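What follows is a short report on a single structure.
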Amino acid sequence: MIATAPIDAVMQALAVPTRRAVFERIVQSGEITVVELTRGSGVTQGAISQHLKSLKQAGLVAERPEGRNVYYRARPEGLEPLADWMSHYGAFWRDRFAGLRALLKEIDR
Amino acid sequence: MKDAASDTRDIVVEEVFPHAPETIWKTLTTSELIGRWLMAPTGFEPVQGKRFTFQTKPAGAWDGVIHCQVLEVSPNERFVYSWKGGHEGNAGYGSLLDTVVTWTLSRTANGTLVRLVHAGFVVPRNESALETMGNGWKQVVPSIGGMAGEQA
């Protein structure tokens, strides 16, 4: 069994609309800093940091320090308590499509 | 895709490959080739009614075997099989799974559009908690996996 935050923690983290918006922006960005997240968000950097803390505790976000910056990225597996099989197969089929592409190339040669 | 009647969702993946439908059809319906990009099937034949299995990672009381049955075979166009597994004692990965995989091939100007629909995922059972969350996660989940099936 993969260690994931209990479903309650994930639910609570995503139940707050602002926090959910932060999470969705991280998802769309790939990797993003607090400063970039704050820009245009209409809330303070302190508030964004608090949201990031909650998302991290829920296992939805991971951080990567680089120099003076910390980059945040989404952890799709953090959604597993919610989406379980669906998130598993979402990633599975994308991987397999890549495999199919490679095989087709090989067949063509 | 949310189906109001059954409360299930689908995963949809689409890609145009620069190959003829006939070539792609072979990779989807030949046991040896399936083994090279998906998983090696046991007992597979592209014949309607035929049952076959895939061995995946076990979880709890579930042995990891995916049980499939060929439901529809329209050469070079459409290929459908059931995809069942899991155990009711599991939550998340390994929970009960009763789904259908549909492959559709459509010839395009520069190749073939391959569309995969993996249908029948039951949404999480904790409905009241879901209500309090609103619809947020429904938008989040597909964007994470790059799934194309839930564009509102």
Side-chain angles (χ1 to χ4, degrees), chain A residues 1-30 55 58 60-61 73-108, chain B residues 8-15 17-19 23-24 26-28 33-34 36-39 56-57 59-60 83 85-86 90-97 99 101 111-112 114 116 118 120-126 129-130 132-147 149:
Chain A
M1 217 37 207
I2 306 149
T4 41
I7 193 163
D8 289 353
V10 179
M11 293 276 188
Q12 276 163 18
L14 294 177
V16 179
T18 314
R19 199 179 300 144
R20 196 159 65 229
V22 169
F23 182 60
E24 283 176 359
R25 259 196 86 195
I26 298 171
V27 170
Q28 284 154 15
S29 307
L55 290 169
L60 289 166
V61 161
R73 66 172 190 281
R75 288 182 71 249
E77 61 272 34
L79 283 167
E80 244 166 52
L82 285 187
D84 39 65
W85 275 120
M86 253 198 106
S87 63
H88 172 77
Y89 276 113
F92 174 87
W93 286 118
R94 271 185 307 117
D95 282 355
R96 292 316 192 267
F97 262 66
L100 182 57
R101 200 183 306 131
L103 175 62
L104 284 163
K105 260 188 200 159
E106 213 178 290
I107 288 176
D108 251 12
Chain B
T8 62
R9 282 149 207 265
D10 309 345
I11 292 170
V12 182
V13 184
E14 281 184 335
E15 184 167 332
F17 291 102
H19 306 271
T23 310
I24 294 165
K26 266 184 227 157
T27 65
L28 301 183
L33 291 179
I34 295 170
R36 287 174 65 186
W37 66 271
L38 178 59
M39 292 180 277
T56 66
K57 198 178 79 179
W83 185 284
N90 289 329
Y93 179 89
S95 64
L96 218 50
L97 184 71
T99 54
V101 172
T112 302
V114 178
L116 159 84
H118 193 169
F121 291 94
V122 178
V123 297
R125 285 169 212 119
N126 197 338
L130 267 184
T132 63
M133 281 183 55
N135 289 322
W137 80 274
K138 294 178 191 164
Q139 289 146 26
V140 166
V141 173
S143 54
I144 287 247
M147 304 169 205

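The shown structure was predicted, so the numbers you read here are calculated from the model rather than taken from an experiment. In what follows, chains carry the letters A, B, and so on, assigned in the order in which the sequence lines appear, proteins first and then strands, with residues in each chain numbered from 1.
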task = Measure A:Ile107 against the heavy atoms of chain B and call it side chain, backbone, both or neither at under 4.5 Å.
result = side chain
inquiry  = Would the distance check show the side chain of A:Trp85 and the main-chain N or O of B:Ser95 forming a donor-acceptor pair, the cut-off being under 3.5 Å?
reply    = yes
query = Minimum heavy-atom separation for B:Trp37 to A:Leu100, with atom names?
reply = CB-N, 3.7 Å
request  = Measure the shortest side-chain to side-chain distance between A:Tyr89 and B:Leu97 over non-hydrogen atoms and say whether it is less than 4.5 angstrom.
outcome  = yes
key: With sequence neighbours excluded, residues passing side chain to side chain contact (heavy atoms under 4.5 Å, CB included) with B:Arg36   = A:Leu103, A:Glu106, B:Glu32, B:Leu33
ask   = B:Ile11 versus A:Phe92: any side-chain heavy-atom pair under 4.5 Å?
value = no
query = At what distance, to the nearest 0.5 angstrom, does CZ of B:Arg9 lie from CE of A:Met86?
reply = 6.5 Å
task = Only counting residues at least two apart or in another chain, list the ones meeting side-chain hydrogen bond (donor to acceptor under 3.5 Å, both in side chains) with A:Trp93.
result = B:His118
Contacting moiety of B:Val114, where chain A heavy atoms sit under 4.5 Å = both
ask   = Roughly how far, to the nearest 0.5 Å, is the CZ atom of A:Arg94 from the CD atom of B:Glu15?
value = 11.5 Å
A:Arg96 to B:Met39 - nearest heavy-atom pair and separation = NH2-CG, 4.0 Å
message = Return the CG to OG1 distance between A:Leu104 and B:Thr27, rounded to the nearest 0.5 Å.
response = 5.0 Å
